[in-house]
Amino acid sequence: QVQLMESGGGSVEAQAGGSLRLSCVISGDTYNSYCTGWFRQAPGEEREGIAALDRVGATKYADSVKGRFAISRDFGNNMLYLEMKNLKPEDTASYYCAAEPGYSGGYCHTLGVWYLDVWGQGTLVTVSS
């Protein structure tokens, strides 16, 4: 089974218009995860799938982050990244790296968080205006 752990501390802050990069270490059975990605959850809100990346490099983004966020993966070092630019106060949320087991790629096609089976401990991102 794959395990994920976000690095860089439990919380980060940025000003509106600023940038941040989230990192995630992927370990365990890394080949049994065709689709990896990120989701976020703001206080009192449902989880929102925001970015996905499959093993052949195809990406998918939620409309709320498209053009501002970029997902990437370093397969050699088993790292997953989320580059966030032009941050807005509404981006404030806990962010989680996540993986979908197997090869169906449901999350990569739909950003449906119900496909995700394992995720990291989360990083609180606070964007101030």
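The model shown is predicted, which means the values in this text are computed figures rather than measured ones.
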Q: Hey, could you give me the CZ/CG distance between Arg47 and Leu111, rounded to the nearest 0.5 Å?
A: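 Interatomic distance, Arg47 CZ to Leu111 CG, rounded to 0.5 Å: 13.0 Å.
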
Q: Take Leu22 and Val12, measure what side chain to side chain contact (heavy atoms under 4.5 Å, CB included) needs, and give me the verdict at the end.
A: CA-CA 9 Å; Leu22 302 181; Val12 291; 4.3 Å; yes

Q: Do the non-hydrogen side-chain atoms of Ser23 and Met79 ever get within less than 4.5 Å of each other?
A: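 In contact.
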
Q: How many angstroms lie between OG in Ser94 and CD in Gln41, if you round to the nearest 0.5 Å?
A: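 Atom-to-atom, Ser94:OG and Gln41:CD are 7.5 Å apart.
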
Q: What pair of heavy atoms forms the shortest contact from Cys108 to Lys60, and how long is it?
A: O-CD, 3.4 Å

Q: Quick check: does any side chain N or O of Thr59 sit under 3.5 Å from a backbone N or O of Leu53, one acting as donor and the other as acceptor?
A: no

Q: Short question: side chain of Tyr61, backbone of Ile71 - any donor-acceptor pair under 3.5 Å?
A: yes

Q: Enter the distance from Arg68:CZ to Ser19:OG here, rounded to the nearest 0.5 Å.
A: 10.5 Å

Q: Looking at every non-hydrogen atom in both residues, tell me the closest pair between Leu87 and Ala14 and how far apart they are.
A: CD1-CB, 3.8 Å

Q: Are Leu116 and Trp114 in one and the same hydrophobic cluster, where Ile, Leu, Val, Met, Phe, Trp and Tyr link if side-chain heavy atoms are under 4.5 Å apart?
A: yes

Q: Using a 3.5 Å distance criterion without hydrogens, assess whether the side chain of Glu6 forms a donor-acceptor pair with backbone atoms of Leu4.
A: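 No; zero donor-acceptor contacts below 3.5 Å.
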
Q: If hydrophobic clusters are built from ILVMFWY residues whose side chains come within less than 4.5 Å, do Phe39 and Val2 share one?
A: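 No.
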
Q: Give, for atom CH2 of Trp119 and atom CH2 of Trp38, the distance between the pair rounded to the nearest 0.5 Å.
A: 14.5 Å

Q: We want to know whether Arg40 and Tyr95 form a side-chain donor-acceptor pair, criterion being a heavy-atom distance below 3.5 angstrom.
A: yes

Q: Are Ile50 and Val118 connected, step by step, through hydrophobic side chains (Ile, Leu, Val, Met, Phe, Trp, Tyr) whose heavy atoms are closer than 4.5 Å?
A: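 Result: yes, single cluster for both.
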
Q: Would a single hydrophobic cluster contain both Val25 and Tyr81, if residues Ile, Leu, Val, Met, Phe, Trp and Tyr are joined by side-chain heavy-atom contacts under 4.5 Å?
A: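 Yes; Val25 is reachable from Tyr81 via cluster members.
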
Q: Does Glu13 use its side chain to pair, donor to acceptor, with the backbone of Ser128 at less than 3.5 Å?
A: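 Flag not set: sc Glu13 to bb Ser128 has no pair under 3.5 Å.
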
Q: Taking all heavy atoms of Arg73 and all of Thr36, pick out the closest pair and write down the distance.
A: NH1-CG2, 3.4 Å

Q: As an exercise, state the distance from CG of Leu82 to OG of Ser72, rounded to the nearest 0.5 Å.
A: 8.5 Å

Q: Taking all heavy atoms of Gly37 and all of Tyr107, pick out the closest pair and write down the distance.
A: CA-CE2, 4.0 Å

Q: Is any NZ, NE, NH1 or NH2 atom of the basic residue among Asp63 and Lys66 found under 4.0 Å from an Asp or Glu carboxylate oxygen of the other?
A: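 Salt bridge present between Asp63 and Lys66.
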
Q: Should Met84 and Asp91 be marked as a side chain to side chain contact (heavy atoms under 4.5 Å, CB included) after you check the CA-CA gap, both sets of side-chain angles, and the distance that decides it?
A: CA-CA 10 Å; Met84 303 184 291; Asp91 293 320; over 6 Å; no

Q: In terms of hydrophobic clustering (I, L, V, M, F, W, Y; side-chain heavy atoms under 4.5 Å; direct or indirect links), are Val56 and Tyr103 co-clustered?
A: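 In one cluster with Val56: Tyr103, yes.
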
Q: I need the minimum non-hydrogen distance between Ser129 and Pro89, along with the two atoms involved.
A: CB-CG, 3.9 Å

Q: Once rounded to the nearest 0.5 Å, what's the spacing between atom NE2 of His109 and atom CG of Asp54?
A: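 Nearest 0.5 Å value for the NE2-CG distance: 7.0 Å.
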
